[in-house]
Amino acid sequence: MPTPEETQMALNYELAVYREQISMIKHETERVSLTTIDIANALRTVESMASEKVLIPIGGGALAKGSITETRILMPIGGEYLIEMNKQEAMDELKRRMDATRKAVERLNEEFTKIAGKVQDASTQLQQMQLQNRLNAQVDSNIREDYV
């Protein structure tokens, strides 16, 4: 059976692991949220595409004025590969990706809630143990004073 000190050390370690997991979940949630914003911007752009004047990013923060003559969209599919889609296919794909990122954020939030509960439980146990240790030390001190 572990000693109270070993149990406290284990709880402190457990809390450190949970806090690291929470940090990683927060970071991943931020990353996925930025991806969601990026996809939403792309969807708005595709939905409003028409044969009108647009600004075309050409790199380095520079833009060129131009007009759209073709409404075929090149969509990334991974591994730096692209697939050509018509406007409706691209909108459908972007909506599917939006749903996927929303679900990912929901799962991350659920995981965050679970881990936060575990942190609360471990913190409560640790506080109770520390309180018990202080009470035991005070009782020991009082006993020593009574016999001195």
Side-chain angles (χ1 to χ4, degrees), residues 1-140:
M1 182 167 199
T3 67
E5 292 81 20
E6 291 171 337
T7 304
Q8 275 186 310
M9 286 176 46
L11 282 172
N12 280 324
Y13 177 76
E14 190 175 325
L15 281 171
V17 169
Y18 288 148
R19 286 187 179 117
E20 182 63 28
Q21 288 175 338
I22 285 174
S23 175
M24 290 172 24
I25 288 172
K26 284 181 180 179
H27 177 72
E28 186 65 14
T29 300
E30 290 171 8
R31 189 189 69 73
V32 172
S33 294
L34 290 174
T35 300
T36 303
I37 291 168
D38 193 36
I39 293 170
N41 289 336
L43 181 59
R44 275 194 300 278
T45 300
V46 171
E47 287 173 338
S48 65
M49 282 177 86
S51 298
E52 57 187 50
K53 294 281 183 189
V54 294
L55 295 174
I56 303 162
I58 58 174
L63 302 169
K65 286 186 177 181
S67 46
I68 298 174
T69 59
E70 173 90 31
T71 56
R72 301 290 290 170
I73 312 296
L74 296 175
M75 294 288 294
I77 58 171
E80 297 186 27
Y81 288 97
L82 302 170
I83 188 168
E84 188 174 310
M85 299 179 172
N86 66 36
K87 183 178 175 179
Q88 187 59 51
E89 290 170 334
M91 288 183 347
D92 292 344
E93 176 62 19
L94 289 168
K95 287 175 185 175
R96 186 192 65 72
R97 291 179 185 189
M98 286 283 295
D99 288 341
T101 56
R102 281 191 196 111
K103 288 176 184 174
V105 168
E106 288 172 10
R107 284 190 307 272
L108 287 167
N109 286 335
E110 289 170 7
E111 190 64 25
F112 177 85
T113 302
K114 286 179 192 174
I115 293 172
K118 290 178 181 180
V119 165
Q120 182 63 37
D121 293 344
S123 293
T124 301
Q125 275 185 302
L126 194 56
Q127 288 172 349
Q128 289 173 347
M129 291 180 75
Q130 290 170 342
L131 178 61
Q132 187 62 43
N133 287 344
R134 276 184 258 151
L135 288 172
N136 290 343
Q138 189 173 5
V139 166
D140 290 347

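These figures come from a predicted structure and were not determined experimentally.
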Side chains of D121 and Q125, donor plus acceptor under 3.5 Å: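 There is no such pair (donor and acceptor under 3.5 Å, judged by atom type) between the side chains of D121 and Q125.
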Q8 versus N12, side-chain donor and acceptor atoms under 3.5 Å: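 The criterion, which ignores hydrogens and geometry beyond distance, is not satisfied for Q8 and N12.
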Could you pull out all donor-acceptor pairs under 3.5 Å where a side-chain atom in residues 97-109 meets a protein atom, sequence neighbours excluded?
residue: R97; atom: NE; partner: E93; partner atom: OE2; Å: 2.7
residue: R97; atom: NH1; partner: P76; partner atom: O; Å: 3.4
residue: R97; atom: NH2; partner: P76; partner atom: O; Å: 2.5
residue: R97; atom: NH2; partner: E93; partner atom: OE2; Å: 3.4
residue: D99; atom: OD1; partner: R102; partner atom: NH1; Å: 3.3
residue: T101; atom: OG1; partner: T36; partner atom: OG1; Å: 2.9
residue: T101; atom: OG1; partner: R97; partner atom: O; Å: 3.3
residue: T101; atom: OG1; partner: M98; partner atom: O; Å: 2.8
residue: N109; atom: ND2; partner: V105; partner atom: O; Å: 3.4

Taking distance alone, no hydrogens or angles, what donor-acceptor pairs closer than 3.5 Å link side-chain atoms of residues 24-34 to residues at least two apart or in another chain?
residue: E28; atom: OE1; partner: R31; partner atom: NE; Å: 3.2
residue: E28; atom: OE2; partner: R31; partner atom: NE; Å: 3.3
residue: E28; atom: OE2; partner: R31; partner atom: NH2; Å: 2.6
residue: T29; atom: OG1; partner: I25; partner atom: O; Å: 2.8
residue: S33; atom: OG; partner: T29; partner atom: O; Å: 2.8

Does any part of the side chain of [Y], heavy atoms only, come nearer than 4.5 Å to the side chain of [X], both counted from C-beta?
X: E89; Y: M75; answer: no
X: K87; Y: V46; answer: yes
X: V119; Y: I22; answer: yes
X: K114; Y: E111; answer: yes
X: L15; Y: L126; answer: yes
X: E47; Y: M91; answer: yes

Short side-chain to backbone donor-acceptor contact, S23 and R19, under 3.5 Å: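 Side chain of S23 to backbone of R19: no pair is present.
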Residues that N41 engages under side-chain contact (heavy atoms from CB on, under 4.5 Å), provided they are two or more places apart: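 Scan of N41 (side-chain contact (heavy atoms from CB on, under 4.5 Å), adjacent residues dropped) gives I37, R44.
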Over 12 non-hydrogen atoms of neighbours within 6.0 angstrom of CD in Q138: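 Atom CD in Q138 is not crowded, with 12 or fewer foreign heavy atoms closer than 6.0 Å.
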